[in-house]
Amino acid sequence: MATTAAAMAATSVVVLDRGNNTTCTINLHGATVVSWRVNNQEQLFVSKLASFDGKKAIRGGIPFVFPQFGAWSFGPQHGFARITRWHLERPPERLHNGDVEAIFSLMDNDFTRSIWNYQFRISYRLILREKELHFHIGVYNPSKELSFTFNMLLHTYLKVPDVRRCQITGLQGCHFIDKTRENSLYQEGREVVTVNEWTDRIYQHTPQEHVITNVVSGRKMRLHKYNFPDTVIWNPWIDRSREMSDFGDDEFPNMLCVEAGNVTSPVILLPGTAFEASQILQQFKCPYTINSKNWRGKLTAFPLYD
Ligand code: TA6
């Protein structure tokens with residue numbers, strides 16, 4: 001029986017269910033996380049015009065950018081990983097502590113080699129915890145002779161009630177490439193970064209942690225990253241929204257991209273070696289507003305690991 005597009009689409013979705021209306025849904029198309037619900041509250045933004053045709057990148061959730069960030073003379077913008085079907089290496093499994101884990105993988109194939117003629121293997125392990133989502137990534141170079149270089153980034157679309165009320169910590173003093181001003185280089189002077197216009201910045205050598213305030217229902221999101229030296233902040237505002245057919249003109253106030261990645265310093269992977277990186281998203285409630293004098297040190301009061 002021919003697999004209908006709908007059946008294909010249906011079988012393209014993997015759900016991690018931790019109970020208590022806490023779930024994470026991954027589309028095998030790009031291994032794109034398309035939903036993360038904590039106690040039935042969606043944490044990620046997916047455009048109402050997003051395409052799920054198994055060809056175009058999904059507009060929202062967490063697309064996986066590899067091996068190129070941005071425009072690419074050899075292939076699609078942001079690489080091929082987000083528009084390629086991944087393999088479900090290990091189906092969702094409940095761990096002893098109640099968390100749920102699944103592993104996805106992507107290897108080179110005729111399509112990827114037609115664009116980027118290297119052997120590679122990526123393993124992408126997702127762990128759904130009570131209020132956290134963990135991402136552990138391994139990139140392996142199985143070649144005996146050839147090294148390759150790559151960018152990698154998790155293009156996280158956070159769902160927010162009003163992006164103008166969000167604040168992002170951990171960028172003060174960092175240099176950034178401003179793609180809204182001819183890619184000129186600047187240094188961030190603000191203790192907390194806010195977004196009130198078209199914003200498209202590549203912050204370099206950022207600290208391991210950012211806290212984003214006023215995400216879903218006024219809570220905070222902590223992004224903890226390892227081996228991802230850069231942080232991209234993006235909101236298309238109205239002008240760029242109109243340029244995207246898979247993004248509603250009125251949707252920009254409800255999303256904020258905070259993207260951990262290797263952008264300005266590509267990774268060089270020697271033959272037979274591997275590279276690892278990880279990200280943890282933690283949703284939490286904290287009585288302290290970032291401006292209140294006594295927040296310092298309070299935001300780290302929430303242990304990442306029990
Ligand atoms: O990550 C920010 C960015 O590079 C922006 O420049 C903008 O282009 C965005 O990604 C979306 O890119 P896409 O290829 O998904 O339209």
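If you read the sequence from its start, that first residue is 1, and numbering goes on from there. Reckoned from all heavy atoms, side chains included, excluding hydrogens, waters and symmetry mates. Order of appearance sets the numbers: ligands from 1, and atoms from 1 within every ligand. Model, not experiment: these values are computed from the prediction.
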- Query: Tell me: protein heavy atom nearest atom 8 (O) of ligand 1, and distance?
  - Reply: Gln77 NE2, 3.4 Å

- Nearest neighbour of atom 10 (O) of ligand 1 from the list His78, Glu243, Lys56, on a heavy-atom basis: His78

- Query: Numbering the atoms of ligand 1 from 1, which are under 4.0 Å from a heavy atom of Lys179?
  - Reply: 4 (O), 6 (O)

- Among Glu259, Arg82, His155, closest by heavy atom to atom 14 (O) of ligand 1 is Arg82

- Note on the structure: of all protein heavy atoms, closest to atom 16 (O) of ligand 1 is Arg59 NH2, 2.9 Å

- Message: If the cut-off is 4.0 Å to any non-hydrogen atom of Phe69, which atoms of ligand 1 fall inside it?
- Response: 1 (O), 4 (O)

- Message: Can you confirm whether more than 12 heavy atoms, excluding those of Arg113, are under 6.0 Å from its CZ atom?
- Response: yes

- Message: Ignoring hydrogens and geometry beyond distance, is a side-chain donor-acceptor pair present between Ser241 and Glu251 at under 3.5 Å?
- Response: no

- Task: Identify whether NZ of Lys or CZ of Arg in Arg82 sits under 6.0 Å from the centre of the six-membered ring of Phe66 and within 45° of that ring's axis.
- Result: no

- Which heavy atom of Ile127 sits nearest a heavy atom of His136, and at what distance? CD1-CD2, 4.0 Å

- Message: Using the ring centroid of each side chain, check whether Trp116 and Phe150 are separated by less than 6.0 Å.
- Response: no

- Task: Ignoring hydrogens and angles, state whether a donor on the side chain of Thr22 or Asn20 is under 3.5 Å from an acceptor on the partner side chain.
- Result: no

- Message: Distance under 4.0 Å to a non-hydrogen atom of Val232: what atoms of ligand 1 satisfy this?
- Response: 1 (O), 2 (C)

- Note on the structure: Looking only at protein heavy atoms, what sits closest to atom 6 (O) of ligand 1 is Asp200 OD2, 2.5 Å

